[in-house]
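What follows is a single structure, written as structure tokens, with notes after it.
It should be emphasised that the depicted structure is a prediction, and the values quoted were computed from it without experimental measurement.
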Amino acid sequence: SSLDCKLYISMSTVRRFFSRIHTWIEKQFYKVIVLSKFNPKKSSPRQNAPDFKHFSSHYKPKLAELGLECGTPTLSLNGQNFIFTEGQWKTKGMALPDYPNES
């Protein structure tokens, strides 16, 4: 004959059980999250930053020395030559007409 065991638990016992589990979880959360101190690894101090003033003052002579000097940008479209000067594209010898902005 096999033994059949039946366990009867009242609802108040179940509520108490889950209440205790809930309390235990809250305590663990408090220990882990609230009491632990955030302590990130400190980064090493910065090394000397490059001197950009020195770089820019030697930039153009260095380009000339290496033969990399770029002249004024030019463009040729349909046989018409354009040159970029003073922030605008101009045809060689005359300025382009101003066109109204399309808004």
Side-chain angles (χ1 to χ4, degrees):
S1 80
S2 65
L3 296 174
D4 288 334
C5 293
K6 293 186 180 182
L7 181 63
Y8 294 99
I9 301 173
S10 69
M11 285 306 290
S12 63
T13 305
V14 171
R15 282 190 198 107
R16 239 180 298 135
F17 173 76
F18 282 110
S19 174
R20 287 181 181 161
I21 288 178
H22 182 74
T23 305
W24 181 83
I25 290 172
E26 282 182 334
K27 286 179 182 177
Q28 297 306 310
F29 176 81
Y30 183 78
K31 286 179 188 175
V32 171
I33 303 299
V34 178
L35 294 180
S36 67
K37 302 219 188 294
F38 179 67
N39 193 9
K41 186 178 178 184
K42 296 196 174 173
S43 59
S44 58
R46 258 186 156 186
Q47 295 181 359
N48 293 339
D51 185 9
F52 290 107
K53 291 178 187 172
H54 175 73
F55 173 78
S56 62
S57 65
H58 289 80
Y59 181 71
K60 286 193 177 186
K62 188 58 111 177
L63 284 178
E65 178 184 327
L66 296 172
L68 299 174
E69 244 184 321
C70 297
T72 308
T74 58
L75 175 68
S76 180
L77 292 172
N78 286 341
Q80 192 171 9
N81 295 324
F82 299 93
I83 188 166
F84 190 78
T85 58
E86 300 172 8
Q88 291 186 342
W89 285 100
K90 299 177 181 176
T91 58
K92 286 215 176 172
M94 58 185 263
L96 287 174
D98 288 331
Y99 295 103
N101 291 338
E102 293 180 26
S103 302

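- Looking at T74 and F84, their side chains never come closer than 4.5 Å, going by heavy atoms from C-beta outward.
- Annotation: the span from I25 atom CD1 to F18 atom CZ amounts to 10.0 Å, rounded to 0.5 Å.
- A donor-acceptor contact shorter than 3.5 Å is absent between the side chain of S19 and the backbone of R15.
- Follow the hydrophobic side-chain contacts under 4.5 Å out from I21 and you never reach M11; the two are in separate clusters.
- A distance of 12.0 Å separates OH of Y30 from NZ of K27, quoted to the nearest 0.5 Å.
- Here L75 contributes atom CG and I83 contributes atom CD1; the two are 11.0 Å apart, rounded to the nearest 0.5 Å.
- Under the 4.5 Å side-chain criterion, counting only non-hydrogen atoms from C-beta, P73 is not in contact with F82.
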